[in-house]
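Structure record follows, encoded as structure tokens.
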Amino acid sequence: MKAKVHVTLKTGVLDPQGKAVQHALHALGFAGVGEVRQGKFIELETGESDPAKARAAVEEMCKKLLANPVIENYSIQVEG
Amino acid sequence: MKAAVIVFPGSNRDRDMLMALERAAGKPPLAIWHGDADFEPVDLIVVPGGFSYGDYLRAGAMAVHSPIMREVAKRAQAGVPVLGVCNGYQILTEAGLLPGALLHNARLKFVCGDIHMKVETAQSLFTAGYESGQVIRVPVAHHDGNYFADDETLDRLEGEGRVAFRYCTAEGEFDDKANPNGSARHIAGIYNETKTVLGLMPHPENATDPQLGGTDGAALFDGLVAALH
């Protein structure tokens, strides 16, 4: 069963890359673009066939490695 | 003083650290490979700078899960002094041995050059060789050195005297221009609760030889040797 994980910086944590992208978009004429936040997308094969188990496993992975809870939030999508 | 330097794939300041420690202690420290699970008792453990595991995922995130870091964390919790420089500082925060995190530099540029920083207090194992308030000049070389913690944590660090160093001008003024990476409250290094673990972004080990531009970092190692003799 596949899982998709989005890792994003928490609100209030400075995201200089997002800011640089926002400025670049403005320079390209996309004047209406507001705040840009950049994050990570991780896709993985969980090795589980039960959605609840897959989600629980990925939750553990996020807490232990994939995200740093001091600065990042994560969201998990289990597919299958 | 018997010291051990932990070496990861991608460490690149480990040799500089070994040399700085040997100069101060008069004997060579141990170099411990990340894949080892144990090593003999030492007075000081150093996690050096570099780009362990290529900074994959987040700087320091992978190194935390190497076998040797479990042992380092165990000894740190038992009170063995631990020094983390640059990538070592990132690893110690990722391991939860120090609070907060190191983000990308605010100006998104790799910074490489000398900075000034103020020694907040001489009352620690690591800074006994300095005067409180002394301004020293040491190099930095990093992309992810922007110290972040929430306000409550920052207040606690300041209240408990756990800010070790702050970036400043040569005259000791705190100024955003003298802050190379955007770190919160100009913080360049912090201690854990017992002040036995220190993490800092600048490289004192690269300021221990007059032929290499400065010796302001030497007192950190000399102070450690005196304290841990």
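Chain naming here is simple, since letters A, B, ... match the order of the sequence lines and numbering starts at 1 in each. These figures come from a predicted structure and were not determined experimentally.
Distance CZ/Phe148(B) to CD1/Ile71(A): 8.0 Å, rounded to 0.5 Å.
For chain A, the nearby parts of Leu57(B) are the backbone and the side chain; heavy atoms of each come within less than 4.5 Å. Neither the backbone nor the side chain of Val7(A) comes within less than 4.5 Å of any heavy atom in chain B.
Applying the salt bridge (Lys or Arg N to Asp or Glu O under 4.0 Å) definition to pairs two or more places apart or across chains, none involves residues 20-33 of chain A. Residue pairs that meet the salt bridge (Lys or Arg N to Asp or Glu O under 4.0 Å) test with at least one member in residues 79-90 of chain B, sequence neighbours left out, do not exist here.
Closest approach of Pro16(A) to Ala106(B), counting heavy atoms only: CB-O, 3.5 Å. Pairing each heavy atom of Ala20(A) with each of Leu108(B), the nearest pair is CB-CD1, 3.6 Å.
Every side chain to side chain contact (heavy atoms under 4.5 Å, CB included) that Ala76(B) has, sequence neighbours left out, goes to Val82(B), Leu97(B), Val197(B).
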Are there donor-acceptor pairs under 3.5 Å across chain A and chain B? List atom names and distances.
{"residue": "Gln17(A)", "atom": "NE2", "partner": "His104(B)", "partner atom": "NE2", "Å": "3.1"}
{"residue": "Lys40(A)", "atom": "NZ", "partner": "Leu57(B)", "partner atom": "O", "Å": "3.0"}
{"residue": "Lys64(A)", "atom": "O", "partner": "His65(B)", "partner atom": "NE2", "Å": "3.0"}
{"residue": "Leu65(A)", "atom": "O", "partner": "Arg58(B)", "partner atom": "NH1", "Å": "3.0"}
{"residue": "Leu65(A)", "atom": "O", "partner": "Arg58(B)", "partner atom": "NH2", "Å": "2.9"}
{"residue": "Leu66(A)", "atom": "O", "partner": "Arg58(B)", "partner atom": "NH1", "Å": "3.1"}
{"residue": "Asn68(A)", "atom": "ND2", "partner": "Glu94(B)", "partner atom": "OE2", "Å": "3.2"}

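The candidate from Gly182(B), Ala101(B), Ala61(B) with the greatest count of non-hydrogen atom pairs under 4.5 Å with chain A is Ala101(B).
The number of heavy atoms from other shown groups lying within 6.0 Å of CZ (Phe30(A)) does not exceed 12.
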